[in-house]
Amino acid sequence: MIHQLTPDLHIESLGSQHVEGLWRAVDSSRSSLRHWLPWVDTTHSRDDSEVFVTAARAERRLGTAWHFAVIEGGALIGTCSFNRIVEAHRWASLGYWLHQQHVGRGVMTRCVAALVDIGFTELDLHRLEIRCARGNQRSRAIAERLGFEVEGCLRECEWVNGEPLDHMVYSRLRR
């Protein structure tokens, strides 16, 4: 499934054809991503990306998550995802990251806006949630730009690089 966002930008369901591009994007953005994402330091090789893609495809089949490759100019430059879907309660948690050379141009805002549309229309969800580190101003700005409201802070709920991070919890309801 492909969702065209601009003539040169789209998101598509993550699949085996994305393994190499995913590995390259993570590896070349390691220094910027590792501040906020605990999985970066455990992604050591292309094989680790392949394991992730295989798991992502299984989650999609089960309906518990849906991961997308962000493609610009034919290259994978990040991912955006329904990291967790709870169909019984009609909510999902969103996640996203972007190659360091592509930040600051509105790319991820467009991608997350597409997830909001998919979530509320195609998946018939009622609530969408974004959790991001308190200090991750770029990620927080995306949530705020797209009308997500701050619900609170989960204190020291995630360990990244040997340090606890607070998470801000944002939500947006369908209505």
request  = Indicate the atoms forming the closest heavy-atom contact of S16 with V53, along with that distance.
outcome  = N-CG1, 3.8 Å
message = Are L14 and W39 connected into the same hydrophobic cluster when the rule is that any two of I, L, V, M, F, W, Y join if their side-chain heavy atoms are below 4.5 Å apart?
response = yes
query = To the nearest 0.5 Å, how far apart are CD in E59 and CZ in R57?
reply = 12.5 Å
message = According to side-chain hydrogen bond (donor to acceptor under 3.5 Å, both in side chains), who are the partners of E20, at least two apart in sequence or on a separate chain?
response = R24, R46
ask   = To the nearest 0.5 Å, how far apart are CZ in F120 and CG in L128?
value = 4.0 Å
task = Please determine which of R140, R131, E149 meets the side-chain hydrogen bond (donor to acceptor under 3.5 Å, both in side chains) test together with Y170.
result = R140
request  = Considering non-hydrogen atoms only, spot the tightest contact between A133 and L165 and give its length.
outcome  = CB-CD1, 4.0 Å
query = When rounded to the nearest 0.5 angstrom, what is the spacing between CD in Q137 and CD in E144?
reply = 8.0 Å
message = Do L146 and V150 land in one hydrophobic cluster if side-chain heavy atoms of ILVMFWY residues count as linked below 4.5 Å?
response = yes
ask   = Checking R30 side chain against T43 main chain: does a donor-acceptor pair fall under 3.5 Å?
value = yes
query = Is the shortest heavy-atom distance from the side chain of V70 to the side chain of L9 under 4.5 Å?
reply = yes
message = Are there over 12 heavy-atom neighbours, none belonging to R138, within less than 6.0 Å of that residue's CZ?
response = no
Cluster companions of W23 among Ile, Leu, Val, Met, Phe, Trp, Tyr (side-chain spacing under 4.5 Å) = none
task = Using the test ring-ring contact (aromatic ring centres under 6.0 Å, His included), find all partners of H67 that sit at least two apart in sequence or belong to another chain.
result = F52
query = Crowded around R127 CZ? As in, over 12 foreign heavy atoms under 6.0 Å?
reply = yes
ask   = Applying the 4.5 Å side-chain criterion to the ILVMFWY set and letting contacts propagate, would V107 and V26 be lumped into a single cluster?
value = no
task = Sorted by first residue and then second, give each side chain to side chain donor-acceptor pair (under 3.5 Å) pair with at least one member in residues 86-95; sequence neighbours left out.
result = R90-D124
Minimum heavy-atom distance between C80 and I11, given as atom pair plus value = SG-CG2, 3.9 Å
key: Under the side-chain hydrogen bond (donor to acceptor under 3.5 Å, both in side chains) test, residues paired with D41 that sit two or more places apart   = R34
query = Run the side chain to side chain contact (heavy atoms under 4.5 Å, CB included) check on I71 and H18 step by step: do they pass?
reply = CA-CA 10 Å; I71 308 291; H18 299 114; 4.1 Å; yes
request  = Identify, with sequence neighbours excluded, every residue that meets side-chain hydrogen bond (donor to acceptor under 3.5 Å, both in side chains) alongside R145.
outcome  = T109
key: Spacing of CG belonging to L76 relative to CD belonging to Q17, to within rounding of 0.5 Å   = 9.5 Å
Nearest heavy atoms of A114 and L5, plus distance in Å = CB-CD2, 3.6 Å
message = So L22 and T79, do their side chains get closer than 4.5 Å, heavy atoms only?
response = yes
message = Applying side-chain hydrogen bond (donor to acceptor under 3.5 Å, both in side chains), can you list everything that pairs with S49, at least two apart in sequence or on another chain?
response = none
query = Can you get from I142 to W97 by hopping between Ile, Leu, Val, Met, Phe, Trp and Tyr side chains that sit under 4.5 Å apart?
reply = no
message = Tell me whether Y96 contacts the main-chain N or O of G78 through its side chain, where contact means a donor paired with an acceptor under 3.5 Å.
response = no
message = Quick test of your reading of the model: are R110 and E72 salt-bridged, counting only N-O distances below 4.0 Å?
response = no
key: Interatomic spacing from CG in L125 to CG in L115 - rounded to 0.5 Å   = 11.0 Å
key: Residues that S32 engages under side chain to side chain contact (heavy atoms under 4.5 Å, CB included), provided they are two or more places apart   = S29, Q100
Euclidean distance, E129 CD relative to R172 CZ, rounded to 0.5 Å = 14.5 Å
ask   = Do the side chains of L33 and V112 join up, straight or via other hydrophobic residues, at under 4.5 Å, putting them in one cluster?
value = no
Under 3.5 Å, side-chain donor or acceptor atoms of residues 152-160 against the rest of the protein: list the pairs with distances, not counting sequence neighbours.
unit_1: E158; atom_1: OE1; unit_2: H167; atom_2: NE2; d: 2.7

ask   = Can any side-chain N or O of S81 pair as donor or acceptor with the backbone N or O of N83 at less than 3.5 Å?
value = no
task = Quick one: list whatever passes ring-ring contact (aromatic ring centres under 6.0 Å, His included) with H3, sequence neighbours left out.
result = none
note = For F68, the ring-ring contact (aromatic ring centres under 6.0 Å, His included) test, sequence neighbours excluded, returns W66
message = Under the rule for side chain to side chain contact (heavy atoms under 4.5 Å, CB included), what residues qualify as partners of T121, not counting sequence neighbours?
response = D117
